[in-house]
Amino acid sequence: MTAPDPILTEVTARYLALAAEEIAATLVALAFSPNIKERADCSSAIFDAQGRVVAQANRIPIHLGSMIGAIEAILAKYPTDRMAPGDMFLANDPYSGGGTHLPDLNVVAPVFVDGAVVAFVANIAHHADVGGMVPGSESALCATIYQEGLRIPVVRVLRGGQPDPGIMDIVLLNSRTPDERLGDLQAQFAANRVGIERVAGLFAQHARAVIHACIEAFLRATGQRFEAAVAALPDGTYEAEEALDEGDGGAPARLHLRVSVAGGRLRFDFTGSAPQLTGSSRNVPRKAVLAVVYAVAKSLLDPDVPPNAGYYGAIEVVTRPGSILDPLPPAAVGTRAITCGVLGDLIVAAMGQTLGARGMADSGPHHLVIFSGPEPRHGGVFVDYETIAGGMGARGARDGMDAVRVHASGAANLPVEALENAYPLRVERYALRRGSGGEGRHRGGRGVIRDYRVLTEGVTVSLSSERQRRPARGVAGGGDGATGAFLLNPDTPGEKRLPSAAVDLALAPGDVLRVLTPGGGGFGEAE
């Protein structure tokens, strides 16, 4: 069937998009940990039998890279004739399982109709701790992936609907908070069961050939629409350069991009970027680079393009193996999302040369804090993993947004009530950071001030960040945004500025940690 009914094609596309959203909504509703239940640090997608994205819940775009990688790794290791109904697969490793950092656990399930695999449903959830040298399994100071936590290649975690007890035991034993891991994994399994039911229900209404033809049609239409947006750009080659605050030896780490526009296609060449870092986890696996490129290009050129694989064909991404944007093992990659905030600015800076007023200034990426210590009410250990939003860069027609994740990042700031209910911490100040957005005709988005008071003995904190040395730059005469900072016991005689990255800093009862996230740059000269 080469020309399916256009109305049925649209209904099929909307049905699958809603099914992907329902998978994610189920995961959030059933999750155990605050990081997933309250911050919604998770995503979901539906793939066809070939492994192409046909629908994605637009929650955290960088998660797309992990799910694409996991599907590719599964199909390479387990042909569909070795799968059975009720199977699910688990993976997180960037070098063998398609992941982009270890706390993100991918769970993928085949969908069977009449004995054949017709699709895959997948979800990914950021687990607050999967072992490693640092509570929370993420620190900019990890030097190799072996320090970052449990590495999981593609494994069959459910067989015939039943969890493999050996695999589950390995995952739980490696976490400081095994009860959370068990609850969150069970939520992921349940969410995929909802997805299987919804996709199978679609195929029950129409012949497989009809649904497959509809999928092909809307993937093709997506590609044509995006190619038209690219074709409207002036052909040419555009370059931009950024730098991370700190690479190996303390020197800034170079990020370089050359974008070529020609014939309705975009070519992103990152080969001029720095070699992979050997003393930091700021490296970005190639699959995460793809996710950032896909998300930022779409948001700049046509935000309403459906989030599926149809438009990926208009984009070519070139990276250099062994570089900071395509590392080789055993490079650490845990804080790749913070780097991706700067990477998004790099893409915007290069493409903005073709967009004029549709461009955007640099943004302030999130800051990461991980508190850990004894849990006084119930015993055991708590791990509070939080990424705190910065400010978006101003655009040519409006101010930047305040207190938001930027580019391919996502997840909410943890609500104060949920944090204080779960952990021995009190939030004494939570506000927009006045004056942190760069001035200009349009002001950059403001970052956040968040003060935590420690309420018990034995608490430590680990810190990771970007843009504490190099601010988000304004464009077209706009001012730079304010840099970020971590302060211990602010506004007291003992106030101390903490490093931009630290591991297991000991905090005493009554200590206050202030997090100041960076603001976005301004756009245009102030009038």
Side-chain angles (χ1 to χ4, degrees), residues 62 65 92-96 99-104 129-151 241-257 270-289 292 319-346 365-370 372 385 387 409 460-471 483-486 497-506 515 518:
I62 195 173
N92 76 340
D93 184 57
Y95 301 117
S96 66
T100 61
H101 79 163
L102 300 184
D104 285 344
D129 186 88
V130 292
M133 77 174 197
V134 180
S137 311
E138 187 174 334
S139 168
L141 297 182
C142 286
T144 75
I145 196 166
Y146 300 112
Q147 297 174 322
E148 296 191 295
L150 177 65
R151 298 174 64 185
E241 187 166 310
E242 275 280 3
L244 303 183
D245 281 348
E246 187 173 342
D248 289 337
R254 179 177 188 248
L255 303 178
H256 182 268
L257 171 60
F270 296 99
T271 57
S273 298
Q276 69 187 50
L277 304 178
T278 60
S280 171
S281 70
R282 292 179 172 91
N283 299 293
V284 184
R286 176 177 163 82
K287 285 294 190 293
V289 174
V292 177
T319 55
R320 188 180 81 257
S323 71
I324 191 173
L325 300 181
D326 190 356
L328 300 173
V333 297
T335 52
R336 90 286 187 243
I338 296 177
T339 301
C340 286
V342 181
L343 177 63
D345 286 341
L346 177 71
H366 64 263
H367 279 21
L368 169 65
V369 297
I370 305 174
S372 183
Y385 175 100
T387 54
S409 185
T460 63
V461 68
S462 295
L463 310 170
S464 299
S465 66
E466 262 299 327
R467 295 216 185 281
Q468 289 207 2
R469 298 183 185 178
R470 304 168 65 87
T483 54
F486 297 119
R497 179 160 183 158
L498 298 176
S500 60
V503 172
D504 286 343
L505 292 176
V515 182

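The figures here come from the full heavy-atom set of this structure, side chains too, leaving out hydrogens, waters and symmetry mates. Everything numeric in this text was worked out from a predicted model, so none of it was measured.
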Practice task
Nearest 0.5 Å please: distance from the CD atom of Glu246 over to the CZ atom of Arg470.
Solution key: 12.5 Å
Handout entry: Interatomic spacing from OG in Ser137 to CG in Leu102 - rounded to 0.5 Å
Key = 7.5 Å
Handout entry: Residues Gln468, His367; criterion side-chain contact (heavy atoms from CB on, under 4.5 Å); working and verdict
Key = CA-CA 10 Å; Gln468 289 207 2; His367 279 21; 3.2 Å; yes
Handout entry: Ionic contact status for Asp93 with Arg151, cut-off 4.0 Å
Key = yes
Handout entry: Minimum-distance pair of heavy atoms, taken over all atoms of Gly136 and Pro103
Key = O-CG, 4.3 Å
Practice task
Verify, without hydrogens or angle tests, whether Ser465 (side chain) and Ser500 (backbone) share a donor-acceptor contact under 3.5 angstrom.
Solution key: yes
Exercise for the section: For the pair Asn92 (side chain) and Gly99 (backbone), establish whether a donor and an acceptor sit closer than 3.5 Å, ignoring hydrogens and angles. Expected result: no
Practice task
Return the minimal non-hydrogen interatomic distance between Val342 and Ala243, and the atom names on each side.
Solution key: CG1-O, 4.2 Å
Practice task
Let me see the working for Leu346 and Phe270 under side-chain contact (heavy atoms from CB on, under 4.5 Å), right down to the final yes or no.
Solution key: CA-CA 10 Å; Leu346 177 71; Phe270 296 99; 4.0 Å; yes
Completion exercise
When every non-hydrogen atom of Val134 is compared with those of Ser462, the smallest separation belongs to CG1-OG, 3.2 Å
Exercise for the section: Would you check if His101 and Glu148 make a side-chain contact, meaning some heavy-atom pair closer than 4.5 Å? Expected result: no
Handout entry: Spacing of OG1 belonging to Thr339 relative to CD belonging to Glu242, to within rounding of 0.5 Å
Key = 11.5 Å
Exercise for the section: For Arg286 and Asp326, work out which heavy atoms get closest and say how close. Expected result: CB-OD1, 3.8 Å
Exercise for the section: Find out whether Pro285 and Tyr95 are in side-chain contact, i.e. whether some heavy atom of one side chain is under 4.5 Å from a heavy atom of the other. Expected result: no
Fill in the blank from the handout: side chain to side chain contact (heavy atoms under 4.5 Å, CB included) test vs Val284 passes for just one of Ile324, Val289, Ile338, namely Val289
Handout entry: Smallest separation among heavy atoms of His366 and Ser409, with atom names
Key = ND1-OG, 3.5 Å
Exercise for the section: Would you confirm whether Asn283, through its side chain, and Ala332, through its main-chain N or O, come within 3.5 Å as a donor-acceptor pair? Expected result: yes
Problem - 4.5 Å side-chain heavy-atom contact, Glu138 and Ser464 - result: no
Handout entry: Reported OG1-to-CG distance for the pair Thr335 and Leu368, which is rounded to 0.5 angstrom
Key = 8.0 Å
Handout entry: Distance-minimising heavy-atom pair for Leu325 and Ser273
Key = CD1-OG, 3.6 Å
Handout entry: Leu343 CG to Glu466 CD distance, which is reported to the nearest 0.5 Å
Key = 11.5 Å
Practice task
Please confirm whether the backbone N or O of Ser139 pairs with a side-chain atom of Ser281, one donor and one acceptor, at under 3.5 Å?
Solution key: yes
Practice task
Taking the side chain as every heavy atom from C-beta outward, state whether Pro327 and Leu277 have any atom pair closer than 4.5 Å.
Solution key: no
Practice task
Check whether any side-chain heavy atom of Leu255 lies under 4.5 Å from a side-chain heavy atom of Leu244, and answer yes or no.
Solution key: yes
Handout entry: Distance, nearest 0.5 Å, that separates CG of Asp345 from SG of Cys340
Key = 11.5 Å
